[in-house]
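Here the structure comes first, spelled out in structure tokens, and everything after it is commentary.
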Protein chains: 2
Amino acid sequence: MEKDKLSALAVIKLFEGLPKAQLTSLADIALLKRAKAGDTLFEAGQPGTHFYAVVSGKVRVYRAAPSGKEQILHVFGAGEAFAEVPVFEGKTYPASAQALEDSLMLSFPRKEFVEVLRRDPELALGVMALLSARLRAFVGQIAQLSLKEVPERLAGYLLLLRASQNRDDLTLDLPKGQIASYLGTIPETLSRALKKLTDQGLIEISGNRVAVLDPEGLAKLAEAGR
Amino acid sequence: MEKDKLSALAVIKLFEGLPKAQLTSLADIALLKRAKAGDTLFEAGQPGTHFYAVVSGKVRVYRAAPSGKEQILHVFGAGEAFAEVPVFEGKTYPASAQALEDSLMLSFPRKEFVEVLRRDPELALGVMALLSARLRAFVGQIAQLSLKEVPERLAGYLLLLRASQNRDDLTLDLPKGQIASYLGTIPETLSRALKKLTDQGLIEISGNRVAVLDPEGLAKLAEAGR
DNA sequence: CCGCATCCATGACTAAAGTCAAAACCGACG
DNA sequence: CGTCGGTTTTGACTTTAGTCATGGATGCGG
């Protein structure tokens, strides 16, 4: 049991390189949590009681409009931590979270986690770095949403995928509808944007595979501010 | 001189309640910096060497597209700290900063500031809370940009102003062009959105004064997801 | 192997917001 | 008081993206 938690903790990048003692005190307060694909972990507006980390699986964090349209903020995979925001404020979750696949997670009650942080400046610095990286990503996302059109955002997304998969032959990591939601648009518009890039000879699509034909062309498009 | 810095530090909310010793060590590493209205403090992409705090004046942090369109991320006034992101990453500034008025600022070299943080868990927690609050705000901004139309975003902005000014008779804190940029749109569209709210009897405008006639109506509008 | 469900693509249409150009407004300054 | 520079408003138009409806593909369970 406790061993489960320790081996789960070992997966989380945020906790990498932490001394044994710290890991043990984290294991003491951690809870293992399983979710099936589609399960909601928490909803925007609920009291933010826990901090999470994904041991395996995939979780999306998003905001939904009353109309049903959703904006994905980020999709977290194995090793990543999320829901840091309420930890230090004790207020509500600013967004909702849902498992996209069957997932195993660690969760940490906020007060206890803060106590561990107070005692370990190195971990605290790690958390600050995590928060900063998130802020940087959000700044990029805000700029994309407000300054770029859908095909440009799509080009940027494909380039990101290419960088993370290290090849020109990409496998989309999410269903297209989810990608649309991540790019701040709807499936129909994404579908058209994909066609547009295809027509321009930048990519080729078949199912959930995308071949990048012209990375420079994509990059130029992605740069293009409006 | 050193006294100047100490009294300047006293203005910054992040440092409120800090013991004298910490304030002194902050004063040791801080630099006083003056900027005239319009001066650029740093630009997106430059190496992020300093952390800032506004002692007096007003600073806008924004991203610019090649086309010239700009998205304001936030406007910081007296007592607020900004440019936290590069502190913990040592990379580049994710956005640009420009003084909107003649301003006095404190700046802290990143490495030295991190050292102070390492020694003071309380200050570290304060910084984490600051980062979290910023994240929360960004989540809201992303949701607004992607889920709401301009009049709805405007309604939200006016309600924020109303809350901060505690009255129905608002004074716009920024020129309209800047407000447009903050809302992710352009002056023409903002102008039309203001007219629209006026036509609906929600507000009345004269110059940079806006009278809120129907707060509930505004709130209902602001809620409306797309 | 069939049928259902989900996802995706496409077409026709509407609505929102951006572009461009010009006029009105406003404050500062001589 | 008049003019200059900037900001704001207005109008006509274009472009982008969202809506609604339909049909095709794909994959899974019975």
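In the text below, chain A, chain B and the rest are named by the order of the sequence lines, each starting its count at 1.
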* To do: Residues of residues 184-191 of chain A with any non-hydrogen atom less than 4.0 angstrom from an atom of DNA chain C: list those, numerically ordered, please.
  => Glu188(A), Ser191(A)
Without decimals, in angstroms, what is the distance between [X] [atom1] and [N] [atom2]?
| X | N | atom1 | atom2 | value |
| --- | --- | --- | --- | --- |
| Lys176(B) | dG6(D) | NZ | P | 19 Å |
| Leu172(A) | dC8(C) | CG | P | 9 Å |
| Leu183(B) | dT8(D) | CG | P | 13 Å |

Flag, side chain of [X] to backbone of [Y], donor-acceptor distance under 3.5 Å:
| X | Y | value |
| --- | --- | --- |
| Lys5(B) | Ala30(B) | yes |
| Gln98(A) | Gly38(A) | yes |
| Asp102(A) | Ala37(A) | yes |

* Do the side chain of Arg192(A) and the base of dT19(D) come within less than 3.5 angstrom through a donor-acceptor pair of N or O atoms? -> yes
* Below 4.5 Å, heavy atoms only, C-beta onward: do His50(A) and Met105(A) meet side chain to side chain? -> no
* Side-chain touch Leu221(A)/Leu197(A), heavy atoms, less than 4.5 angstrom -> yes
* Structure fact -> Readout for nucleotides 22-30 of chain D: B = base within 4.0 Å of protein heavy atom, S = sugar-phosphate only, - = neither; 5' to 3' it is ---------
* Compare the minimum distances between each of dT9(D), dC8(C), dT16(D) and the side chain of Glu149(A), then state the nucleotide with the smallest one. => dT16(D)
Result block: side-chain N/O donor-acceptor pairs under 3.5 angstrom for residues 78-91 of chain A, not counting sequence neighbours:
from	atom 1	to	atom 2	distance (Å)
Glu80(A)	OE1	Gly77(A)	N	2.8
Glu84(A)	OE2	Arg134(A)	NE	3.2
Glu84(A)	OE2	Arg134(A)	NH2	2.5
Glu89(A)	OE1	Arg136(B)	NE	2.7
Glu89(A)	OE1	Arg136(B)	NH2	2.9

* **Pairs where residues 197-214 of chain B contributes a residue and the test side chain to side chain donor-acceptor pair (under 3.5 Å) is met, not counting sequence neighbours** => Thr171(B)-Arg209(B)
* **Qualifying side chain to side chain donor-acceptor pair (under 3.5 Å) pairs, either residue in residues 176-186 of chain B, two or more places apart** => Arg60(B)-Gln178(B)
* Taking both distances under 3.5 Å as the test for a Watson-Crick or G-U pair, what stems of at least three pairs does DNA chain C have? -> C:1-30 with D:1-30
* When you check the phosphate oxygens OP1 and OP2 of dT8(D), does a side-chain N or O of Lys195(B) lie under 4.0 Å from one of them? -> no
* Asked: For dG18(C), does OP1 or OP2 lie under 4.0 Å from any side-chain N or O of Lys69(B)?
  -> yes
